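Each remark here refers to the structure printed beneath this line.
Hydrogens, waters and symmetry mates play no part in the numbers below; they use all other heavy atoms, side chains included. Each chain gets a letter, A, B and so on, in the order the sequences are listed, and its residues count up from 1. Note that the structure is predicted; figures quoted are calculated from it, not measured.
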2 protein chains.
Amino acid sequence: MSENVFIAKLLAQGERITPVRRALIAVLSKTQEPQTQQELLRQLKKKGFKVNKTTVYRQLEALEKNGIIFAVHFTDRNKRYELMDENGHHHHLVCLKCGCIEDAILMSDLKQQEKTILKKHKFKVLRHTLEFFGICGRCGKKSG
Amino acid sequence: MSENVFIAKLLAQGERITPVRRALIAVLSKTQEPQTQQELLRQLKKKGFKVNKTTVYRQLEALEKNGIIFAVHFTDRNKRYELMDENGHHHHLVCLKCGCIEDAILMSDLKQQEKTILKKHKFKVLRHTLEFFGICGRCGKKSG
DNA sequence: CTACATGCAAAAAATTTGCACCACC
DNA sequence: GGTGGTGCAAATTTTTTGCATGTAG
């Protein structure tokens, strides 16, 4: 249950543990692709969890502020959320044909980049997003 | 006038050169930060250029499809556009306090990363986004 | 108890669509 | 002269806000 790590983090930060927060963390920990508010709401309701969309928006915002989840934007207009990975979050491969999303296996050390940025730009990087857009293996086979 | 490069590219692709397209390219070539539809519309109007927001949306979409401009999403909910850089587009440093956006000087070879991704994931990368979020030099001074 | 979480409805903001008309090639 | 660009208004979608009520700590 890595979920408990996040619960613990919230508690440590003096935040309340409410059913909605618990449920959001649970759903996010069971999905690999970053989820939109709509998808999360749908999944919660499917599980019989009664919750309002406003609350989902508000709690996603709160969880993001508390460093529990992370927001990414792909090609569509919706924000997507994923759980913050303690070892640094991962990056994504977004297929422009089928829309599937894989996690990228990356060996770059952006940590080093961030140090360079601090030196050259006097800019303290707190987080970053790195996303790749293209054609996934399956779509590549289908159409050349 | 690097603007002409983009005009030429559009022509080469059999696209029409309309006043709106020309104006959008002109405005984007004079701004360093990626612009939202709203900002672009405002700048066009300020220049006395009469155009409707729907048209701006439609032309931004068209220009993106034709590889003239590139869309990025930061922390707010708006899509932003910048001209495609022929040497590869640049990355950004987004200040979470004042919202300013600088271009990052980067020395990473994402090209190499993309080759690795093709091998490991069978995923053909067409483009990527890499954005850093943090505290810019000015804000860093102000508040510690 | 009390501050914060929640639901509902309504507002605001961002984007898209339908349709008539205009202009470039 | 026909395809595609444009404007306007209205619809849709996404997100936010106000306020009354419930609930975790």
* Round to a whole Å and report the spacing from NZ of A:K45 to C1' of C:dG7. => 11 Å
* To do: Would you mind checking if A:K9 and A:E15 are paired as a salt bridge, meaning a charged N to carboxylate O distance below 4.0 Å?
  => no
* Asked: Of all the choices, D:dT17, D:dG7, C:dA5, which nucleotide is nearest to the side chain of B:R58 once you look at every atom?
  -> D:dG7
* Check the distance between C:dT17's P and B:Y57's OH and give it to me in whole angstrom. => 13 Å
* Looking at the rings of B:H73 and A:F74, which for Trp means the six-membered one, are their centres under 6.0 Å apart? -> no
* **B:H91 side chain vs B:L130 backbone, donor-acceptor pair below 3.5 Å** => yes
* To do: Indicate, with a heavy-atom threshold strictly under 4.0 Å, whether B:T18 touches base, sugar-phosphate, or nothing.
  => sugar-phosphate
* Asked: When you measure from the side chain of B:N78, which nucleotide among C:dA14, C:dA3, D:dG7 comes out closest?
  -> C:dA14
* Asked: B:Q59 near the nucleic acid: base, sugar-phosphate alone, or nothing, with a heavy-atom cut-off under 4.0 Å?
  -> sugar-phosphate
* Asked: Choosing from C:dT6, C:dC8, D:dC8, which nucleotide comes nearest the side chain of A:P19?
  -> C:dT6
* Asked: Taking CZ from B:R22 and P from C:dA23, how many angstroms apart are they, rounded to a whole number?
  -> 17 Å
* Asked: In whole Å, what is the span from the NE2 atom of B:H73 to the P atom of D:dT14?
  -> 12 Å
* Give a yes or no answer on whether the side chain of A:R22 reaches the backbone of A:I17 with a donor-acceptor pair at less than 3.5 Å. => no
* Asked: In whole Å, what is the span from the CD atom of B:Q37 to the P atom of D:dG7?
  -> 13 Å
* Quick one: does B:E39's side chain have a donor or acceptor within less than 3.5 Å of a partner on B:T36's backbone? -> yes
* Asked: Counting any heavy atom closer than 4.0 Å, what does A:K53 reach on the DNA or RNA strands: base, sugar-phosphate only, or nothing?
  -> base
* The side chain of A:R16 lies closest to which of these nucleotides: D:dG4, D:dG7, C:dA5? -> C:dA5
* Give the rounded distance in Å between these two atoms: NZ of B:K50 and P of C:dC22. => 14 Å
* Asked: So which nucleotide from D:dG25, D:dT17, D:dT3 ends up closest to the side chain of A:I17?
  -> D:dG25
* Structure fact -> Of the candidates D:dG18, D:dG7, C:dT15, the side chain of B:T55 sits closest to D:dG7
* To do: Return the value, rounded to whole Å, for the distance between atom CD of A:E15 and atom C1' of C:dA3.
  => 12 Å
* Asked: Closest nucleotide of DNA chain C for B:Q38 versus for B:L11: which of these residues is on the 5' side?
  -> B:Q38
* Asked: From D:dA9, D:dG5, C:dG7, pick the nucleotide closest to the side chain of A:N52?
  -> C:dG7
